[in-house]
> 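Below you will find the structure I want to go over with you.
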Amino acid sequence: MKAGCSMVEKPEGGGGYQFPDWAYKTESSPGSRQIQLWHFILELLQKEEFRHVIAWQQGEYGEFVIKDPDEVARLWGRRKCKPQMNYDKLSRALRYYYNKRILHKTKGKRFTYKFNFNKLVMPNYPFINIRSSGKITPLVGN
DNA sequence: GCCGGAACGA
DNA sequence: TCGTTCCGGC
């Protein structure tokens with residue numbers, strides 16, 4: 001049976017919950033908890049179990065590399081109930097982030113993008129602590 | 001692979 | 001508004 005594409009889409013890793021409600025909701029959409037792609041990317045980057053699929057780039061602050069584009073697309077498609085998702089489409093969504101200054105491309109490096117934490121978490125989400133190594137530590141409830 | 005316009009849906 | 005799908009161009 002295909003449970004998982006019904007209603008709620010929270011990580012079911014067994015206590016592997018990372019992001020609180022503020023990460024799932026949008027200001028203009030009350031009640032709507034459509035997860036955004038960059039939230040999902042951040043979610044994967046936090047977990048060691050996905051470091052063979054997507055991981056932070058050492059040395060570069062906020063930069064990450066997608067080691068397995070097909071797998072990331074598959075996981076994203078599963079979360080959004082879009083079985084036909086692929087890296088080509090996913091990367092298009094990523095490209096829309098350029099103008100929004102959420103992400104930008106690290107040119108020359110394959111499957112490599114970089115978060116604009118400068119403008120992303122600093123002003124809007126001061127609950128997140130990013131270490132110089134690139135690791136993210138959510139500080140919730142304290 | 002990566003870019004970005006266009007149509008379209010929720 | 002945030003993608004999803006499709007696609008011509010580089």
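So you know, we letter chains A, B, ... as the sequences are listed, proteins then strands, and number each from 1. No experiment lies behind these values; they were computed from the predicted model shown.
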> Indicate whether OP1 or OP2 belonging to C:dG3 is found under 4.0 Å from a side-chain N or O atom of A:W76.
no
> Using the six-membered ring wherever Trp is involved, compare the ring planes of A:W76 and A:F40 and label them parallel, tilted or perpendicular (cut-offs 30° and 60°).
tilted
> Is there a donor and acceptor pair closer than 3.5 Å between the side chain of A:R110 and the base of B:dG1?
no
> Using a cut-off of strictly less than 4.0 Å, decide whether A:Y97 has a side-chain nitrogen or oxygen near OP1 or OP2 of C:dC2.
no
> Expressed as a whole number of angstroms, how long is the span from A:K89:NZ to C:dC6:P?
5 Å
> Whole Å only: how far is the CG atom of A:N86 from the C1' atom of C:dC7?
13 Å
> Would you kindly compare A:P69 and A:N99 by the position of their nearest DNA chain B nucleotide and give the one closer to the 5′ end?
A:P69
> Nearest whole Å is fine: how far is C:dG3 P from A:I35 CD1?
10 Å
> Report the distance from atom CD1 of A:I102 to atom C1' of C:dC2, rounded to the nearest whole Å.
10 Å
> Keeping A:K67 on the side-chain end and A:A55 on the backbone end, is there a donor-acceptor pair under 3.5 Å?
no
> Just how far, in rounded Å, is P of B:dG4 from CG of A:L103?
14 Å
> Please state whether the phosphate of B:dC2, meaning OP1 or OP2, lies under 4.0 angstrom from any side-chain nitrogen or oxygen of A:K105.
yes
> For the pair made of CG in A:D88 and P in B:dC3, what is the distance, rounded to whole Å?
12 Å
> Does a distance-only test, which skips hydrogens and angles, find a donor-acceptor pair under 3.5 Å between the side chain of A:R92 and the base of C:dG3?
no
> Please confirm whether the backbone N or O of A:T112 pairs with a side-chain atom of A:K105, one donor and one acceptor, at under 3.5 Å?
yes
> If you compare every side-chain N and O of A:Y98 against the phosphate oxygens of B:dC3 (OP1, OP2), does one of them come in below 4.0 Å?
yes
> When we call it a touch if two heavy atoms are under 4.0 Å apart, what does A:F40 touch: a base, just sugar-phosphate, or nothing?
nothing
> Closest to the A:L37 side chain: C:dG3, C:dT4, B:dG4?
C:dG3
> Can you tell me which nucleotide in B:dC3, C:dT4, B:dG1 comes closest to the side chain of A:K82?
C:dT4
> Distance-only, no hydrogens or angles: does the A:Y97 side chain make a donor-acceptor pair with backbone N or O of A:L37 under 3.5 Å?
yes
> With nearest nucleotides of DNA chain C determined for A:L90 and A:R95 from heavy-atom distances, which residue corresponds to the more 5′ nucleotide?
A:L90
> Expressed as a whole number of angstroms, how long is the span from A:R101:CZ to C:dC2:P?
15 Å
> Starting the side chain at C-beta, find the nucleotide from C:dC2, B:dC3, B:dA7 nearest to A:Y96.
B:dA7
> Do side-chain atoms of A:K89 reach the backbone of A:Q84 as a donor and acceptor pair under 3.5 angstrom?
yes
> Is there a donor-acceptor pair under 3.5 Å between the side chain of A:K82 and the backbone N or O of A:N86?
no
> To the nearest angstrom, how far is A:M85 atom CE from C:dC6 atom C1'?
13 Å
> Using a cut-off of strictly less than 4.0 Å, decide whether A:K100 has a side-chain nitrogen or oxygen near OP1 or OP2 of C:dC2.
yes
> If you look at every strand shown and take non-hydrogen atoms under 4.0 Å, does A:K107 touch a base, only sugar-phosphate, or nothing?
nothing
> Under 4.0 Å from OP1 or OP2 of C:dG3: is there any side-chain N or O of A:Q34 that close?
no
